[in-house]
2 protein chains.
Amino acid sequence: MTEVIEPAIETVTIDVVLSALADPVRLTLVRALDTAGDWTCGSDILKNTGVTIGKSTLSHHIKVLRDAGLIRTRVDGIRRLMTLRYGDVDQRFPGLLNMLREREPARAAEKASASTA
Amino acid sequence: MTEVIEPAIETVTIDVVLSALADPVRLTLVRALDTAGDWTCGSDILKNTGVTIGKSTLSHHIKVLRDAGLIRTRVDGIRRLMTLRYGDVDQRFPGLLNMLREREPARAAEKASASTA
DNA sequence: CGAACAGTACGATACAGATCGAACATTGGA
DNA sequence: TCCAATGTTCGATCTGTATCGTACTGTTCG
């Protein structure tokens, strides 16, 4: 086995993508891959992010992200390298990756606008 | 009580928005509001969408969407009208609303690209 | 060969959140 | 005034899924 299944980007639906990104761990993984910029292996991601989950859990999340069309996996000897599918995702869902890059509220947090529920 | 609390759009994070949109019922509600275009009440949304959930459940989903900054609620006599916060959402997360409008895979579904996991 | 390493597969468990029903609040109209 | 319609709140379930641990596969290197 040398290649890993990934869906063609045209077949990916926003519904599945949203479900994949709704989990805080997976969002952390995606952001770490984005920061890394190129091929990274799972154990390095755990080191970089400081996320403390078992490796079977990580494997599960990676699969969800891959099935959602967000990342690509490549076998490299003893490890599996992965990377964001920048071009595909940007083409299919323009603006999405950019949204994920912001981690803080946009401004100095005005408070809620209207009153009394 | 005449107004309903909604967060200032700058304070809304993509994390919360993704969680809100990850639920299939809420995604249906948002799409229905988008299609409707203007102020719509809860029971009308249920009729339009055919979604069969209790009204307490609907109330819960509405609250999640409102807290996520996606919709605005206005009291009108016996009912509560709501609408998408088009301008705010488009400004804060450009491209997001547009992504939700597509319900089908983009093309005639090529199959998976690589082979053997 | 055998040990260490990276990752997957699978069954079991735990927890978050979706759902429901009942009680209550508010408004408008008969 | 009383009733019907819309919606909220609260407590109790029920379910999906994130998590873990173990066993297993495949690879590199001594």
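Here is how names work: the chains are called A, B, and so on, in the same order as the sequence lines, proteins then strands, and each is numbered from 1. The model shown is predicted, which means the values in this text are computed figures rather than measured ones.
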What does the list of N/O pairs under 3.5 Å between the protein and nucleotides 11-13 of chain C look like, with a distance for each?
none

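In this entry the distance linking CZ of A/Arg79 with C1' of D/dC29 reads 13 Å, nearest Å. To the nearest angstrom, P of C/dT8 lies 10 Å from NZ of A/Lys63. Rounded to an integer number of Å, the gap from CD1 of A/Ile78 to P of D/dT28 is 8 Å. B/Leu29 places its CG atom 14 Å from the C1' atom of C/dT19, with the value rounded to the nearest Å. In this entry the distance linking CG of B/Asp76 with P of D/dG7 reads 10 Å, nearest Å. Atom P of nucleotide D/dT17 and atom CG of A/Leu18 are separated by 14 Å, given to the nearest angstrom. In this structure, B/Ile5 atom CD1 and D/dT8 atom C1' are separated by 14 Å, rounded to whole Å. In this structure, B/Asp44 atom CG and D/dA5 atom P are separated by 14 Å, rounded to whole Å.
Two residues, B/Gly42 and A/Ser19, neighbour DNA chain D, and the one matched to the more 5' nucleotide by heavy-atom proximity is B/Gly42.
With values rounded to the nearest 0.5 angstrom, A/Glu6 atom CD is found 10.0 Å from A/Thr11 atom OG1.
Taking A/Val30 as the reference, A/Leu21, A/Leu65, A/Leu84, A/Leu100 meet the side chain to side chain contact (heavy atoms under 4.5 Å, CB included) condition, with sequence neighbours excluded. With sequence neighbours excluded, the residues forming a side chain to side chain contact (heavy atoms under 4.5 Å, CB included) with A/Asp76 are A/Arg79, A/Leu81, listed by chain and number. In this view, A/Asp34 and A/Arg101 satisfy the salt bridge (charged side-chain N to carboxylate O under 4.0 Å, His left out) rule, not counting sequence neighbours. Residues satisfying the side chain to side chain contact (heavy atoms under 4.5 Å, CB included) test with B/Leu58, not counting sequence neighbours, are B/Leu29, B/Leu46, B/Ile53, B/Ile62. With sequence neighbours excluded, the residues satisfying side chain to side chain contact (heavy atoms under 4.5 Å, CB included) with A/Thr83 are A/Trp39, A/Arg72, A/Tyr86.
Sorted by first and then second residue, the side-chain hydrogen bond (donor to acceptor under 3.5 Å, both in side chains) pairs involving residues 47-70 of chain A (not counting sequence neighbours) are A/Arg26-A/His61, A/Lys63-A/Asp67, A/Arg66-A/Thr73.
The nucleotide whose nearest atom lies closest to any side-chain atom of A/His61 is, among D/dA18, D/dA5, C/dG7, D/dA18. Of all nucleotides listed (D/dT19, D/dT6, D/dT8), D/dT8 comes nearest to the side chain of B/Arg66.
Phosphate proximity of C/dT26 to B/Arg80: absent, as no side-chain N or O sits under 4.0 Å from OP1 or OP2.
Side-chain contact between A/Glu102 and B/Ile14 is absent, with no heavy atoms from C-beta onward closer than 4.5 Å.
Within the hydrophobic cluster formed by Ile, Leu, Val, Met, Phe, Trp and Tyr side chains joined at under 4.5 Å, directly or through other members, B/Val64 stands alone, with no partner residue.
A heavy atom lying under 4.0 Å from DNA chain D marks the following residues of residues 53-60 of chain A, by number: A/Ile53, A/Gly54, A/Ser56, A/Thr57, A/His60.
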